[in-house]
Student: 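Pasting in a structure now, in structure tokens, and then I'll have a few things to ask.
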Amino acid sequence: MLTLYALVSFLMSLATPNVSELLNENKAKIAAIFMEHLESQRESDPLIGAKIGGKELLERLLAGMQTEKGVHAESLLCALGSLAGYSCQAAVRAEWVDEKGQPEKKVFSIIETQNRQRFFFGDLPNQTLGENEYSVLKLSAAAALELGLGKLIDFKSIFEHVAGSIGWDHFGTPRLPAGHQPGDLPINYVMHLWPSCLELLKQFCAKPAEWPILLGVAIQQGMRYCKDVIDPALALTIVMESAIPMAKIDLQGKLAQIKAEEKTRNSALPFWLHSQEAKVVCVGSIIHIGLAIFGPLGLGYLELPFLYTLTSLIIPFMLLICAYRFDVFKKDFQGMWLDKVLFWGIALMPVLLQIYNFLKAQLV
């Protein structure tokens with residue numbers, strides 16, 4: 001039945017518009033019959049949806065990643081591992097946060113870095129990632145052993161490396177031998193493939209807890225597919241080097257960051273005015289320059305030097321308050337001590353100059 005379903009999908013791509021509409025009708029009917037049959041099989045085999053869905057996911061990835069030279073094995077395994085890793089977090093989030101209404105902070109141990117990136121840890125995602133009977137790690141390892149792996153790889157070192165690279169640029173970059181790098185980074189596979197993958201997961205799985213199992217089955221099938229071109233130890237390494245960091249990522253935060261960057265690139269402002277702190281510094285500098293030019297002049301009975309002295313003492317503090325309100329110190333300047341020193345030095349320069357002039361006058 002699954003083969004017939006795939007055949008109809010293939011014919012759809014070749015059909016003329018009129019025939020396509022007819023096939024589309026038949027495809028919907030076949031899909032409904034298939035899913036009805038699938039539901040009837042759950043009583044005897046609760047994981048039947050994950051098993052069939054895993055094979056279906058692999059077929060779709062193979063079709064999408066096919067090139068003139070075939071399918072790049074490292075890229076396929078990286079994509080599968082990345083999706084499997086993120087599914088561990090997504091399944092916990094769907095069940096505990098979305099369905100049961102638990103606060104995110106109670107479900108996950110959230111680590112926020114100095115540049116405000118968030119990473120999600122916790123016992124619940126770890127269970128589906130590497131601890132329970134049908135975890136991604138155990139399903140992947142079982143396939144590698146079946147394919148002739150003599151000794152399991154060092155999973156502990158991967159977990160430690162991921163934990164140690166939190167907040168660094170190399171986080172989520174698989175450590176693999178030269179010549180065996182995937183075509184893209186795990187985070188990019190998740191961002192581009194997860195939406196369509198999620199639709200399939202919901203279609204074949206009875207509950208979110210089955211999502212990582214479906215991906216684990218897909219990994220097993222993928223490792224068997226690549227067995228003639230890649231060593232099982234390396235295949236397992238690619239999968240887990242991709243899966244473990246992706247179980248920790250803030251996908252929504254990453255997508256929002258990319259959206260903000262695209263908005264910035266499309267902005268009409270000069271590139272040096274894109275950041276909030278740049279705007280604050282520019283406005284403050286314009287005020288300082290204006291006071292420096294017009295302050296000492298004086299108009300009639302109104303002596304502006306006094307006004308200039310007063311405002312030059314107030315403006316720097318206003319500048320720092322604005323910077324604080326814009327979260328400048330929690331963003332780009334976080335961890336950059338030189339930037340902090342320069343920013344505070346520039347902001348307080350008029351105050352320091354006033355103090356210098358006062359002391360100089362007193363000495364004279």
Side-chain angles (χ1 to χ4, degrees), residues 46-47 50 54 77-113 117-145 152-168 170-175 185-187 189-191 194 197-198 201 205-220 223 235-254:
L47 297 180
L77 294 171
C78 180
L80 287 169
S82 303
L83 292 170
Y86 183 70
S87 74
C88 297
Q89 180 197 141
V92 170
R93 188 179 296 279
E95 180 180 354
W96 291 89
V97 179
D98 298 339
E99 294 180 8
K100 297 183 179 180
Q102 291 292 317
E104 186 181 62
K105 291 182 179 180
K106 286 189 176 181
V107 177
F108 299 100
S109 297
I110 304 175
I111 296 177
E112 186 169 339
T113 62
Q117 289 183 324
R118 299 198 307 163
F119 297 87
F120 298 90
F121 290 76
D123 293 334
L124 290 173
N126 282 345
Q127 289 174 11
T128 53
L129 179 61
E131 295 176 6
N132 66 29
E133 182 182 2
Y134 296 110
S135 67
V136 172
L137 186 154
K138 290 185 179 179
L139 288 173
S140 303
L145 292 170
L152 288 175
I153 64 173
D154 186 1
F155 297 114
K156 183 181 177 182
S157 68
I158 303 178
F159 279 98
E160 290 175 348
H161 171 73
V162 169
S165 62
I166 292 291
W168 294 91
H170 62 274
F171 173 83
T173 301
R175 299 168 300 164
L185 291 172
I187 182 64
Y189 284 122
V190 174
M191 287 194 297
W194 179 251
C197 178
L198 182 58
L201 293 172
C205 296
K207 53 188 178 181
E210 295 180 10
W211 296 356
I213 301 175
L214 186 152
L215 268 302
V217 171
I219 288 171
Q220 289 184 328
M223 292 175 72
L236 184 58
T237 301
I238 295 172
V239 167
M240 297 314 299
E241 283 275 350
S242 305
I244 294 174
M246 292 304 101
K248 320 297 182 188
I249 64 169
D250 179 11
L251 180 59
Q252 296 306 315
K254 184 67 176 177

Student: Which atom pair, heavy atoms only, marks the closest approach of G172 to P245?
Tutor: CA-CB, 3.9 Å

Student: Shortest non-hydrogen contact from I249 to Q89?
Tutor: O-NE2, 2.8 Å

Student: Please check if the side chain of Q117 supplies one atom and the backbone of G167 the other of a donor-acceptor pair under 3.5 Å.
Tutor: no

Student: Taking CH2 in W96 as the centre, count heavy atoms belonging to other residues, nucleotides or ligands within less than 6.0 Å. Is the count above 12?
Tutor: no

Student: Looking at K100, I'd like to know if its NZ atom is crowded, meaning that more than 12 non-hydrogen atoms belonging to other residues, nucleotides or ligands lie closer than 6.0 Å.
Tutor: yes

Student: Check S157 against R175 and note the closest heavy-atom contact, atom names and distance.
Tutor: O-NH2, 3.8 Å

Student: Does F171 have more than 12 heavy atoms from other residues, nucleotides or ligands lying within 6.0 Å of its CZ?
Tutor: yes

Student: Can you tell me how far apart CG (L129) and CG (L124) are? Round to the nearest 0.5 Å.
Tutor: 12.5 Å

Student: Are the side chains of I153 and F155 in touch, meaning some heavy atoms are under 4.5 Å apart?
Tutor: yes

Student: Let's go through W211 and L198 carefully: what are the C-alpha distance in whole Å and the side-chain angles of both, what is the deciding distance for side chain to side chain contact (heavy atoms under 4.5 Å, CB included) to 0.1 Å, and is it a yes or a no?
Tutor: CA-CA 9 Å; W211 296 356; L198 182 58; 3.6 Å; yes

Student: Shortest non-hydrogen contact from P125 to C88?
Tutor: O-CB, 3.8 Å

Student: Calculate, to the nearest 0.5 Å, the distance between atoms NE2 and OG belonging to H170 and S165 respectively.
Tutor: 4.5 Å

Student: Quick one, I219 and L139 - any side-chain contact, counting heavy atoms below 4.5 Å?
Tutor: no

Student: For a side chain to side chain contact (heavy atoms under 4.5 Å, CB included) check, start with the C-alpha distance between V136 and T128, then their side-chain angles and the critical distance, and finish with the verdict.
Tutor: CA-CA 6 Å; V136 172; T128 53; over 6 Å; no

Student: Could you measure the distance from the CG atom of L77 to the CG atom of L236? Nearest 0.5 Å is fine.
Tutor: 10.0 Å

Student: Within a 6.0 Å radius of atom CG on D154, are there more than 12 heavy atoms belonging to other residues, nucleotides or ligands?
Tutor: yes

Student: For Q127 and S135, which heavy atoms make the closest approach, and how far apart are they?
Tutor: O-CB, 3.6 Å

Student: Atom CG of L215 and atom OG of S82: how far apart are they, to the nearest 0.5 Å?
Tutor: 10.0 Å

Student: Does some side-chain heavy atom of L80 sit less than 4.5 Å from a side-chain heavy atom of Y189?
Tutor: no

Student: Determine the minimum heavy-atom distance between T173 and E241, stating which atoms define it.
Tutor: O-OE1, 4.4 Å

Student: Side chains of D250 and F119: does their closest heavy-atom pair fall under 4.5 Å?
Tutor: no

Student: Please examine the side chains of F159 and I244, heavy atoms only from C-beta on, and report whether any two atoms are closer than 4.5 Å.
Tutor: yes

Student: Keeping to residues at least two apart or across chains, list the salt bridge (charged side-chain N to carboxylate O under 4.0 Å, His left out) pairs with something in residues 84-93.
Tutor: R93-E104

Student: Evaluate the side chain to side chain contact (heavy atoms under 4.5 Å, CB included) criterion for residues I213 and C205: first the C-alpha distance (whole Å), next the side-chain angles of each, then the deciding distance (0.1 Å), finally the verdict.
Tutor: CA-CA 9 Å; I213 301 175; C205 296; over 6 Å; no

Student: State, with a plain yes or no, whether a side-chain heavy atom of F120 is found less than 4.5 Å away from one of V92.
Tutor: no

Student: Is there side-chain contact between L47 and V217, with at least one heavy-atom pair below 4.5 Å?
Tutor: no

Student: Would you indicate whether the side-chain heavy atoms of Q252 and R118 approach each other to under 4.5 Å?
Tutor: no

Student: For residues 127-143, pull every pair meeting salt bridge (charged side-chain N to carboxylate O under 4.0 Å, His left out), keeping only residues two or more places apart or in separate chains.
Tutor: none

